[in-house]
Each structure stands twice: as structure tokens, then as C-alpha cells.
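Everything below concerns the one structure shown next.
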Protein chains: 2
Amino acid sequence: MRKPKKKAAPSGNRREDLLRVCARLFREKGFDGTSIRDISQAAGMHSGSPFYHFETKQEMLVAVMEQGLEEGLRHLEAVAALKLPPAEKFRKLVRAHLETICGEGHDFIPVMLYDWRSLTPANRRRVIALKDRYDALWQKVTDELQAQGIMGGDAQLARLFTFGVLNWTARWYRAGGRKSLDEIAEEAARFLLRE
Amino acid sequence: MRKPKKKAAPSGNRREDLLRVCARLFREKGFDGTSIRDISQAAGMHSGSPFYHFETKQEMLVAVMEQGLEEGLRHLEAVAALKLPPAEKFRKLVRAHLETICGEGHDFIPVMLYDWRSLTPANRRRVIALKDRYDALWQKVTDELQAQGIMGGDAQLARLFTFGVLNWTARWYRAGGRKSLDEIAEEAARFLLRE
DNA sequence: CCTACCGATCGGTAGG
DNA sequence: CCTACCGATCGGTAGG
């Protein structure tokens, strides 16, 4: 194997660097499509070194997903705690969610959206615990919207349809495209709230 | 490698059998997570035999996607050709689309939704040609709905949001769940048409 | 975190 | 479509 070009600028936390590299590569090429050597090289390490930080490649995958969900939850829960009318809160949640899915350098949650299948059943359970909190947060806002008659139909389906609109953006959004993330967030909220 | 259990019930077209097996396995485990040996065994062949039908594994992937899109298009274009009010036509298109995405034995289009990244750039172009026809078909109905004031906002975004609601169902729908595919289709159409 | 390495598995092929 | 096989690459490890 080739030698990494540089000794890598000394960084406080190599584990974090590694995780960021994993997130980016997993998102671009998929978990199975990314080799340990790809990761090592991108992090400026030799091919055996990632295993000093993570026991297995599978551990890198869960770590990426968990970190993404935890950061996302922190953001969303802060927004959800604001005292605002439901529709206004919803708009802000939509914007925050789109940021964690399409924003510059936000590769962590997309990895979860794309590579769920690659998790072992045991690790799937670990991630589901976090995902449940995500679902509960959105379900609560959805319920509020429905109570106000701004959103109709079955409550759980309404949440899943909302996730569809938002999460699908990860597939087609490109920075520098026809619409900015702000514009898309605004239109998505309007679309979902039938305004 | 182990010997395939049976000689495989004689079938008219082994290539088609192989493609069905590929679609199912690619959907379940991903393209990179499925080995030629997985495919051979599931098809009741020996491990070198799939290459009698396809030049490379990559060719199996495009073939799955192309067949899925072609069949889907045939269905949808038949529905789109019906003389019906836009909203009614939309409802039927939603139902047909959900069938090709969640229906029993419909693994072909989900492979495209999941494993797009695994296509080589050249093959991506081949598939995009078909996907464009899909997009155009939906864009036309979306435009009709907007002309009637049943759907608002930017026309292209409205289509992408619609795709989000529909395509995302592939992630969470499970046969035998709380809602049938018919019920989901009806609610999705209502949700999108803000009825 | 590097060095040097291993066994397993991978996609693919030649020849029949 | 089977048989027998190959070179490459994979995730991971022991020892420092």
C-alpha cells in the first residue's frame, strides 16, 4: 500500500477526524463500497491504524449514525422547546432538519438514510433507540398541527409523509442548484402545511 | 463452494430467473453486499454460471434497474393515457407507483432507489434516460393539478416533494402492517392533493 | 499509530 | 451451464 502523503496536521482528536472521513466516504460510496484503505488514506494514516480507534468497520458505521442522530436531536430539541405557534415551530424544524440532511459537511444522517441495511441487527437496535426520539419529536409537532386543523389524515401517516418530503431532498438537492436550502425549506413547509 | 441443492426446475428463461434473484438480493442486502456466489446459489447455479448470462456484476445491476423502470413506465403510461379528471388520474398513478415500489415481488425499482451510487457513470446515463421519462410523466400530471389549483408552489419542487412522499414508503412499508397499500395510496393522494 | 502480514472472499475467466 | 482456478482486495491482527 502507498504511504500517506503527509503526516497529517496534528489534530486534537484523531478519532473525530476519522469519523468525519468515514461519514463523507460512506455517504459518497456506501459502507460496503468504502474500504478500510480508502478511510485510512483519506485520514492520512496507514491501513491498520483505524483499528486503533475502532474495533471493527461496523463500529465506525454505528458511530457515524449515532453521532449524526445525537447532533441532529440536540438541534431539533432546542427548536422544539421554543415557545412558538405550531406552524411557526414546524417551519423552523423543517429548516433545521434540511440542514442536517443537505447542509455542507453534514454527512452523518444521510449515512443512516442510505446505509441502514448494512447495520447488524444488534447495532440496528442501538440506533433505533435514538431514531425513536426523533420520531417522537416530529410526531408531537404533527399532532399539534392536526389539532389546529392545519394537517389532516392519519397522524402517523402524516409524519411518515412529512419525512418522505424532507428526507428525499438528500437524493436530489445539490448546493448551488436552482433553489437554495432556505427556499426549499420554505416551500416544503408551505407544501406540507397546505398554505 | 457448496453444490446447489436442486437442478432448478426447468424454466423458460434462466436469464429472467437470474434477474429476479438479483433484484431480490440487491434490494435486501445492497449491490456491494451481494456476492456472485449469493446470486448463483439463490438461482440454483454454480458460481461461475451467472457470467454466461451477464458479462459483469455491474451489468446485472443496470439490467435490474432498466427492467424495473421499463415495466413501471408501461404501467404508468397506460394509466396516464386514460381520459380522467387530473385528480382522479393522480390517484390512480399514486396507487400504481406504490405497487411498483412496495408490492409483492416488486424489487426492481427499489434497487434503483437504494443503489444508485453503485452504478458506473456510463450506466448511470443509460438509466437516467428512462428516469427522465418517468419524471416527465409525473411533471405533466403535476402541472395539470397546478393549473386546476389543487396543488401549489413551484412546479418542479411539487413533483420532487411528491416523489418524496411516495418513494419514502419503500423504507417503512411492510406487508401486513397497520395500513394496506390501498389505504396508504388513498391517504397519500389525499395528503398531496390537500383534500 | 506503523510494520508486516494473514486467511477469506471477491469478481471474473479458460476450457470444456 | 459446470469445473477448476486466479489475482486482487478485503477486514483485521500481532508485535512493537
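Side-chain atoms are counted along with the backbone in the values below, which use heavy atoms only and exclude waters and symmetry mates.
- Distance, A:Q58 CD to D:dC10 C1': 16 Å, rounded to whole Å.
- Using a 4.0 Å cut-off, no side-chain N or O of B:H46 falls inside it from OP1 or OP2 of D:dC1.
- Put simply, CZ on B:R37 is 7 Å from C1' on C:dT9, counting in whole angstrom units.
- At least one side-chain nitrogen or oxygen of A:S35 sits closer than 4.0 Å to the OP1 or OP2 atom of D:dC10.
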- Task: Begin with the C-alpha distance, continue with both residues' side-chain angles, and end with the deciding distance and a verdict on salt bridge (Lys or Arg N to Asp or Glu O under 4.0 Å) for B:D32 and B:R117.
- Result: CA-CA 10 Å; B:D32 285 317; B:R117 281 176 311 192; over 6 Å; no
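- Geometrically, A:R171 does not engage B:F163 in a cation-pi contact defined by less than 6.0 Å to the ring centre and at most 45° from the axis.
- The distance between atom CG of A:L18 and atom C1' of D:dG11, rounded to the nearest whole Å, is 15 Å.
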- Report the C-alpha separation of A:R133 and A:E77 in whole Å, then their side-chain angles, then the decisive distance to 0.1 Å, and conclude whether the salt bridge (Lys or Arg N to Asp or Glu O under 4.0 Å) test is met. CA-CA 10 Å; A:R133 287 174 56 196; A:E77 280 171 350; 3.2 Å; yes
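- Taking the side chain of B:S47 as heavy atoms from C-beta on, and the options C:dG12, D:dG11, C:dC1, the nearest nucleotide is C:dG12.
- Between A:F51 atom CZ and D:dG11 atom P the separation is 7 Å, expressed in whole Å.
- Distances from the side chain of B:M45 to the nucleotides C:dG11, C:dC1, D:dC1 place D:dC1 closest.
- Base-pair partner of D:dA4: C:dT13 (Watson-Crick or G-U wobble, both distances under 3.5 Å).
- Atom CG in B:L61 sits roughly 12 Å away from atom P in C:dG12 (whole-Å rounding).
- Checking each of A:R24, A:R14, A:H53, A:Q67 against A:L19 for a side-chain contact (heavy atoms from CB on, under 4.5 Å) leaves exactly one that passes, namely A:Q67.
- The CZ atom of B:F31 sits 13 Å away from the P atom of C:dC10 (whole-angstrom rounding).
- Here the side chains of A:Q156 and A:F161 are not in contact, with every heavy-atom distance at 4.5 Å or above.
- Two residues, A:D38 and A:S49, neighbour DNA chain D, and the one matched to the more 5' nucleotide by heavy-atom proximity is A:D38.
- Nucleotide D:dC10 holds its C1' atom 12 Å from the CD1 atom of A:I39, rounded to whole Å.
- Atom CZ in A:R14 sits roughly 13 Å away from atom C1' in C:dC2 (whole-Å rounding).
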